[in-house]
2 protein chains.
Amino acid sequence: MWTIIVHIGVGVSMEIIRRKTEYGIRALVHLALHPGKEVTAAEIAEEQDVPLEYLQKILQKLTRGGFVGAQRGAYGGFYLAKNPEEINLLEVIELMQGKLAMNKCFLGKDGCNRAPKCVLKYNWLQLEQRIAGFLSQITLLDLAEQVREGGLPGGGVKK
Amino acid sequence: MWTIIVHIGVGVSMEIIRRKTEYGIRALVHLALHPGKEVTAAEIAEEQDVPLEYLQKILQKLTRGGFVGAQRGAYGGFYLAKNPEEINLLEVIELMQGKLAMNKCFLGKDGCNRAPKCVLKYNWLQLEQRIAGFLSQITLLDLAEQVREGGLPGGGVKK
DNA sequence: CCTATGTGGACTATTATAGTCCACATTGAT
DNA sequence: ATCAATGTGGACTATAATAGTCCACATAGG
C-alpha cells in the first residue's frame with residue numbers, strides 16, 4: 001500500500017518574524033519572568049527550547065542593542081537592562097532583522113531605480129507605519145503578563 | 001588614495017514584499033492600464049524594468065493563480081482575467097510568496113513544537129489579521145488609478 | 001510552414017538564515 | 001594563583017529561499 005502526498009498550492013508561508021527574532025523574544029520574556037537575577041544562556045536555552053550556541057549569538061545582539069545586560073565570569077549571566085514596559089516588539093524585531101519594510105524601493109535612493117516614479121510608495125509607507133505602530137504598542141511587559149496568566153512556560157511549575 | 005567603506009549597524013532591512021511580488025504587481029498594473037489588449041511578456045518586461053525570463057515565470061504563476069489569462073502563439077500575450085477591482089494585494093502577495101504569516105508557530109501543529117504553550121500566539125494572530133485586512137482592501141484598481149493620476153509609468157506618454 | 005509567442009523543467013548564482021566551533025576574556029570561589 | 005563557569009568574537013558550515021537564466025517544446029496566426 002502506498003501513501004501519496006500531494007502538495008497543493010505554492011510555498012506554504014512567508015514569515016515576517018524570523019526564528020532568531022522569536023528566540024530573542026523568548027529569551028527576553030524569560031528574563032522578564034526572572035527579575036533581579038542573572039540567568040545563564042544555558043538556562044534560557046534549556047527552558048525556551050533554543051540551541052545554546054545560536055542563543056548566545058542572539059543574546060550578544062540583544063546586549064549590544066541595550067536590551068539586556070551581561071555579567072561575565074562564573075555565576076554570571078544575563079538580565080534585563082530596561083524595564084519590561086520600556087521594551088517593545090518593534091525595537092526587538094528591528095534589532096534582530098533590520099528595519100521592517102514593505103519593500104526596499106522606499107528605503108532610499110539606492111533601493112530601486114524606479115523610485116522617483118513609483119506609485120506604490122504611498123501605500124507601502126502607510127502599511128509600514130500601521131504595522132510598526134501596532135508592533136511598537138506591544139511591550140515585553142504585555143508578553144510576560146500573558147505568560148504569567150497562562151502559567152506557562154518557564155514562569156510556572158517546573159517539570 | 002583609498003576609499004574606506006564602513007557598514008554601520010545591522011542588516012539594513014527586512015522586507016515583507018519580495019521582488020518577485022513587486023514584479024508581479026507591476027505586471028498586473030500594466031495590464032490594468034491596457035485593458036482589452038493582449039500584452040506580451042516582452043513589452044511588460046521592457047516597460048516595467050523586469051528581466052524578461054524572470055517575468056515569464058511570474059506571469060505563469062499569475063496565470064495559474066487565475067489573475068491573468070494567456071494567449072499563446074503569434075500575436076498572443078497576457079490580459080487581466082478579472083476586473084481590477086476584484087484583485088487585491090493580499091491575494092497577489094500570497095500567490096507569489098505563500099501565505100503571509102507573522103510566524104510559523106501558528107500555521108499548524110507542525111510549525112513549532114512549543115505551539116500548545118506558546119503565548120505569543122494571540123498577538124501574532126491579531127497582527128496577522130490586521131495586516132491581511134489592510135492588504136486585502138487595496139485593489140489593483142486603486143493602484144492603477146494612482147498610476148493614471150500620477151501619469152506614470154507606462155500609462156502616460158511614451159518616451 | 002514559418003515565426004512569434006507562452007509553457008515547463010532544469011539549471012545556476014546569490015543571499016539570508018540557521019546553526020556550529022573554538023580560542024579567548026572575565027570573574028567568583030577556593 | 002588557579003580553576004571552573006561564564007560571556008565574547010570571529011570564523012566556519014549547512015540549508016533554504018530568492019533571483020535569475022537557459023532551452024526544448026507547444027501553440028496559434030499569417
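So you know, we letter chains A, B, ... as the sequences are listed, proteins then strands, and number each from 1.
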Just the rounded figure in Å: distance from [atom2] of [N] to [atom1] of [X].
X        : N       : atom1 : atom2 : answer
Lys61(A) : dG19(C) : NZ    : P     : 14 Å
Ile17(A) : dT17(C) : CD1   : P     : 12 Å
Gln97(B) : dT18(D) : CD    : C1'   : 10 Å
Lys20(A) : dA14(D) : NZ    : P     : 20 Å
Ile58(B) : dG6(C)  : CD1   : P     : 14 Å
Glu15(A) : dT18(D) : CD    : C1'   : 15 Å
Tyr79(A) : dT27(C) : OH    : P     : 11 Å
Lys99(A) : dA16(C) : NZ    : P     : 18 Å

* Asked: Counting side-chain heavy atoms from CB outward, which of dG19(C), dT17(C), dG8(C) is closest to Arg19(A)?
  -> dG19(C)
* Among dG19(C), dG8(C), dT8(D), find the nucleotide with the atom closest to the side chain of Gln60(A). => dT8(D)
* To do: Quick one, give me the B/S/- string for nucleotides 21-30 of chain D, reading 5' to 3', where B means a protein heavy atom under 4.0 Å from the base and S means that only happens at the primed atoms, P, OP1 or OP2.
  => BB---BBBSS
* Please report the C-alpha distance between Arg26(A) and Asp49(A) in whole Å, then the side-chain angles of each, then the deciding distance to 0.1 Å, and finally whether the side chain to side chain contact (heavy atoms under 4.5 Å, CB included) criterion is met. => CA-CA 9 Å; Arg26(A) 285 190 207 166; Asp49(A) 286 335; 4.2 Å; yes
Would you give me the side-chain donor-acceptor pairs under 3.5 Å for residues 133-141 of chain B, sequence neighbours excluded?
| unit_1 | atom_1 | unit_2 | atom_2 | d |
| --- | --- | --- | --- | --- |
| Ser136(B) | OG | Ala132(B) | O | 3.1 |
| Ser136(B) | OG | Gly133(B) | O | 2.9 |
| Thr139(B) | OG1 | Leu141(B) | N | 3.2 |
| Thr139(B) | OG1 | Asp142(B) | N | 3.2 |
| Thr139(B) | OG1 | Asp142(B) | OD2 | 3.3 |

* Asked: Should Arg64(B) be listed as having a side-chain N or O under 4.0 Å from OP1 or OP2 of dT7(C)?
  -> no
* Asked: With sugar-phosphate meaning primed atoms plus P, OP1 and OP2, does Ala41(A) contact a base, only sugar-phosphate, or nothing at under 4.0 Å between heavy atoms?
  -> sugar-phosphate
* To do: Test Lys99(A) against Glu128(A) for salt bridge (charged side-chain N to carboxylate O under 4.0 Å, His left out), laying out the working first.
  => CA-CA 10 Å; Lys99(A) 179 149 180 53; Glu128(A) 266 176 47; 5.1 Å; no
* **Residues which pass side chain to side chain donor-acceptor pair (under 3.5 Å) with Thr40(A), listed by chain and number, not counting sequence neighbours** => none
* To do: Tell me, please, which residues at least two apart from Lys82(B) pass salt bridge (charged side-chain N to carboxylate O under 4.0 Å, His left out).
  =>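 Salt bridge (charged side-chain N to carboxylate O under 4.0 Å, His left out) list for Lys82(B), sorted by chain: empty.
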* **Pairwise 5' ranking along DNA chain C for Tyr23(A) and Thr63(B), keeping only the more 5' one** => Thr63(B)
* Pairs touching residues 66-102 of chain B that satisfy ring pair (Phe, Tyr, Trp, His ring centres under 6.0 Å), sequence neighbours left out ->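 Qualifying pairs: none.
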* With sequence neighbours excluded, residues passing side-chain contact (heavy atoms from CB on, under 4.5 Å) with Pro51(B) -> Tyr23(B), Tyr54(B)
